[in-house]
Number of protein chains: 2
Amino acid sequence: MARSDIKASRSTPTINDVAALAGVSKKTVSRFINNSPLVSERLRKKIAAAVAELGYVPNPQARALALRRNFLLALLYDNPNGQTVLNFQKGVLSAIRDTDLALAVRPVDRRSDLLLEDIETFLVKQRPLGVMLLPPISERDDIADLCKRLEIDYIRVGSAILDEDSRCVASNDREIVKQMIGALIAQGHKRIGFVRGPAGFRSPIEREAGFHDALREAAVKLDPDLVVLGNYRFDAGLEAGRKLLALAQRPTAVFASNDEMSAGVMHAANELAVQIPDELAVVGFDNSATATHVWPALSTVHWPIEQMGRLAAQKLVPGFVQLAPDAEELKTVIISSHIIERKSAILS
Amino acid sequence: MARSDIKASRSTPTINDVAALAGVSKKTVSRFINNSPLVSERLRKKIAAAVAELGYVPNPQARALALRRNFLLALLYDNPNGQTVLNFQKGVLSAIRDTDLALAVRPVDRRSDLLLEDIETFLVKQRPLGVMLLPPISERDDIADLCKRLEIDYIRVGSAILDEDSRCVASNDREIVKQMIGALIAQGHKRIGFVRGPAGFRSPIEREAGFHDALREAAVKLDPDLVVLGNYRFDAGLEAGRKLLALAQRPTAVFASNDEMSAGVMHAANELAVQIPDELAVVGFDNSATATHVWPALSTVHWPIEQMGRLAAQKLVPGFVQLAPDAEELKTVIISSHIIERKSAILS
DNA sequence: TTGTATGCGTTATCAT
DNA sequence: ATGATAACGCATACAA
C-alpha cells in the first residue's frame, strides 16, 4: 500500500493526507471537494486519484464548524397525524438519498409557552442547512421570522400558500374538496354532512371553503346542522357521525376532513346499521393507510404529502438533490391532490 | 450591558467570552460545561453567572469535531410498517426531549448489495453517539459487527433477544401470542387460522412459535391448512383470509401476525358476509391506529414499540436522558406486550 | 484545582 | 490557478 509512505495515518484519512499524496495544498483539495472551478484539470485528476486511493471522505463535523452550518435538514412538526409526518419524511428522505445530507426530526409543542425558545435553541444548536415546517406550525409567522433572523432557510408546508413561492409548498385543498363535493352532488346528493377540522388552523378553513364553493356553484342551500366541528381524530369523527345520523333529516353523504374522522363516521353508521354507501356515502381526505383498511374501502382525496416532502427538500437545497430537478420544477408551489374512488361512495 | 467591555462579540458568545467574563481559563469553563468535579464552587458560581449573562450555548459542531463524535442518535430501519417507525421514533424523541441530542433518521434498503457500505458511509459521516437498529435489519449480525468496528454503540430492537442485554431491547412476542391463542382456545375455538409474517425474519418465527406453544399446551392438534404465509401487508391478509374462508372446514378464529393483515382478513370476511366476531373471531398484533379504525374494532396485542424506543434511547445514552431512570430500569431488556380486547374477538 | 499549548479537519483570507 | 496561515469553538495532555 502506498498509504504507508505518506504519513502512517492509520485512522481515517484527512484532507492533509490527500494533499500530501497528491502533492498539492490543503486548500486546493478543499476547492476540489467543493467543486470550485478554480482548479486545473491536471491537479483535479491527481487529487481525484489520491481521494480514491485513500478512500477519503470529508469530515462533516469539521465542515460544519468551519462553515457554521450543518449538513442537516430539519423537520419541525407539532404532532399532527402520524401518517402525515411519516409520509412527508419519506418524501424528504427520497430526495436526499445518496446525498451528504441527513434529516433531523424535531417534534415541538405548539401549546408550550417556550415554543419559540425551544425552536431557537434547536436551530442554534443544530444549525441545519434548512428547516421544513409542517402544518399547523407552518402557519405561524413568528416561527418563520425566527428562521429569517437566524438566517436559516425554511419551507412552509400547508394547504394554502403561506409565504413567498420560494419558501413554501402547498396543496390545493380548497379546489379538490370543491371537486369532491361536486362529485357527490352530481351523484344526486343534496344533504351532505361536513365534518370540519379543528378551529384555528388553515387546512380546515380551506377544506370548508371548498365545501361552500361546491354548494354555491350547484345552488344547493347550506344547512348549518350538517356542518359539525371535529379535531382530525377518530373519536371526533365518531361523535360527528352520531350527531349527523341523529338528525331528523339525515344526510345522504358525509365528507370528513380527514380519513381518521371518516373512519369514525363509518363506525357511527355501523352502530346504527346504516349501510355504506347505499344509505350513506362517506368520503375522506388524506388517502392514508386507514382508507384501504376500513370496510368498505374509503373514497377519498389523495393528499400528496410525500411528494410535497420531496419538493420541499429539493427547494430547500437545490444544489444537493441528486436527480437535480430542472429549474421549472423547483418553481412549483402547489402539488395537486386527486380523488380516489373506492367503495364508500360512488363518485362517477 | 457588561458585554461591551469584554470583547465586543456581536455574534453568539463562545467559550472564550465566558472565560473572559468570568476571569478564568477556557479549560475551566470547559470543565464546568462538562460537569467536571474539578471546579471549585467559587469558580463554578462565577462561570454560571457569566454563562447566564451572555446566554452562552456550547457549539455542538465544535464539540463534535473535538470529540470525534456527534450529539446525534441515529435510527436505522428498512421500511417496516410505517407506524412502527413512527411510534418508535416517538419514544426515542420523548426520551431525548430537553436534551442536547438530536435524532437523525435513516432508511436503508436491506435488499441492496450496498447495504453495508451505505450504512458505513452514513455512520462515518454522521458519527452518531449511538445507533438504533429496527427490525428486520436489527437481526443482521453483520450490521452489528460494523457498528462495533466503527466503535459506535448500538441497540438492536426485536421480537426476541438478539444480542447481549446492554445492546438490545425486545418484546416478548412468543409469550404474548401464546396467551392470545390461549384466550381464543379458552373461548372454545378449536380451529384457529394463523396468518404468518414474511419468511426469513425473526418476529414471524417468534409469533408462530407462540401459536404452536398454545396449541400444544391445550392439546389442540395443528391443521397445516390453517397456517398461511403473509408479508405483513394488507393485501397478504386479504389473500390469506380468502384462502382460510374457502376451506371446507372454516376456522372459527384467525390470528394475523399484524394489524394490517388482520384488516385484510376482515375484508375477506366482509366479502363473504361472514359476521365478525360471531362467525369468525379476528385478532391481530401491534395495536396500530388501524386496530381502532376497522369495524368491529380489533382485539389485538399491544406491541409497546413506543416504550421500546424510549428504552432504547435511554440505554444508548444513559447520561443524557433527563429523567434519569434508575439503573434497574436500564437493565430492562424485555418490555412486555399486553392484550387488548375490543369487538372483533371475545377473549374473556 | 487551574491553566497553557496543541489538536480536531475543514474553510476563509490574502497573498503570489 | 495555487498556497501559507489563520480562523472555527471546543477538548485533551501535560504542567503548575
Side-chain angles (χ1 to χ4, degrees), chain A residues 6-47 50-51 54-72 100 124-127 129 151, chain B residues 6-7 9-47 50-51 54-72 100 124-127 129 151 319:
Chain A
I6 293 300
K7 198 195 156 189
S9 62
R10 311 162 301 86
S11 59
T12 58
T14 76
I15 198 171
N16 291 306
D17 302 327
V18 176
L21 180 57
V24 300
S25 74
K26 294 164 58 165
K27 183 58 199 173
T28 304
V29 177
S30 175
R31 290 201 181 90
F32 172 83
I33 298 299
N34 294 292
N35 291 316
S36 162
L38 302 173
V39 181
S40 66
E41 198 51 43
R42 197 176 55 85
L43 291 190
R44 196 174 288 281
K45 268 186 193 160
K46 286 175 71 171
I47 297 173
V51 165
L54 295 175
Y56 167 68
V57 178
N59 179 317
Q61 283 78 38
R63 303 186 76 185
L65 179 58
L67 293 169
R68 287 175 205 71
R69 191 121 296 187
N70 232 328
F71 287 74
L72 217 54
D100 282 348
V124 165
K125 278 197 179 131
Q126 296 300 327
R127 289 250 145 239
L129 239 42
E151 297 181 331
Chain B
I6 294 301
K7 198 195 156 188
S9 62
R10 312 162 299 84
S11 58
T12 59
T14 76
I15 197 171
N16 293 306
D17 301 326
V18 176
L21 180 57
V24 301
S25 76
K26 292 166 57 167
K27 183 55 204 175
T28 305
V29 178
S30 174
R31 290 201 181 90
F32 172 84
I33 299 297
N34 293 293
N35 291 316
S36 162
L38 303 172
V39 181
S40 66
E41 197 51 43
R42 197 176 56 83
L43 290 190
R44 194 174 289 281
K45 269 186 194 160
K46 286 176 71 172
I47 296 173
V51 166
L54 295 174
Y56 168 69
V57 177
N59 179 316
Q61 283 78 40
R63 302 185 77 186
L65 180 58
L67 291 169
R68 285 175 204 73
R69 190 122 296 187
N70 230 330
F71 287 74
L72 216 54
D100 282 348
V124 165
K125 278 198 179 129
Q126 297 301 327
R127 288 249 145 240
L129 237 42
E151 297 181 331

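Below, read A as the first sequence line, B as the second, and so on, with proteins coming before strands; counting in each chain starts at 1. These numbers were taken from a predicted model, which means no experiment stands behind them.
- Between the CG atom of A/Asn16 and the P atom of D/dA4 there is a distance of 12 Å, given to the nearest Å.
- Both A/Arg42 and A/Lys26 lie close to DNA chain D; mapped to their nearest nucleotides by heavy-atom distance, the more 5′-ward contact belongs to A/Arg42.
- A straight line from CG of A/Asp17 to P of C/dG7 spans 15 Å, rounded to a whole angstrom.
- What separates CG of B/Asn35 from C1' of D/dA11 is a distance of 15 Å, to the nearest Å.
- Taking the nucleotide of DNA chain C with the nearest heavy atom to each of B/Val24 and A/Asn59, the more 5' of the two is matched to B/Val24.
- Among the heavy atoms of the strands, none lies under 4.0 Å from A/Pro60.
- One finds no side-chain N or O of B/Ser30 lying less than 4.0 angstrom from the OP1 or OP2 phosphate oxygen of D/dC10.
- Contacts of B/Tyr56 with the nucleic acid, taken as non-hydrogen atoms under 4.0 Å apart, involve only primed sugar atoms and P, OP1 or OP2.
- Residue A/Ser25 places at least one side-chain N or O closer than 4.0 Å to OP1 or OP2 of D/dG3.
- At a threshold of 4.5 Å between non-hydrogen side-chain atoms, the residues A/Val29 and A/Ser25 do not count as touching.
- Heavy-atom distances to DNA chain C give each of A/Arg68 and B/Ala66 a nearest nucleotide, and the one nearer the 5′ end belongs to B/Ala66.
- B/Val29 comes within 4.0 angstrom of nothing in the nucleic acid, heavy atoms only.
- A/Lys27 has its NZ atom 12 Å from the C1' atom of D/dA6, to the nearest Å.
- Within 4.0 Å of A/Ile33, counting heavy atoms only, lies no atom of the nucleic acid at all.
- At a threshold of 4.0 angstrom between heavy atoms, the contacts of A/Leu67 are confined to the sugar-phosphate backbone, with no base atom among them.
- For the pair B/Ser40 and C/dT1, the criterion of a side-chain N or O lying under 4.0 Å from OP1 or OP2 is not met.
- B/Gln61 places its CD atom 10 Å from the P atom of D/dG9, with the value rounded to the nearest Å.
- Put simply, CZ on B/Arg68 and CG on B/Leu65 are 8.0 Å apart, with the number rounded to the nearest 0.5 Å.
- Put simply, CD on B/Gln126 is 16 Å from C1' on C/dG9, counting in whole angstrom units.
- Applying the 4.0 Å criterion to OP1 and OP2 of D/dG9, one finds that B/Arg63 has every side-chain N and O outside that range.
- Pairing each heavy atom of B/Asp17 with each of B/Pro13, the nearest pair is OD2-CA, 3.2 Å.
- Note: CG (B/Leu65) to C1' (C/dC8) measures 4 Å, nearest angstrom.
- Here C/dC8 presents its C1' atom at 13 Å from CZ of B/Arg127, a figure rounded to the nearest Å.
- For B/Lys26 against B/Ala19, the heavy-atom pair with the smallest separation is N-CB, 3.8 Å.
- Counting heavy atoms from C-beta on, the side chains of A/Val18 and A/Thr14 never come closer than 4.5 Å.
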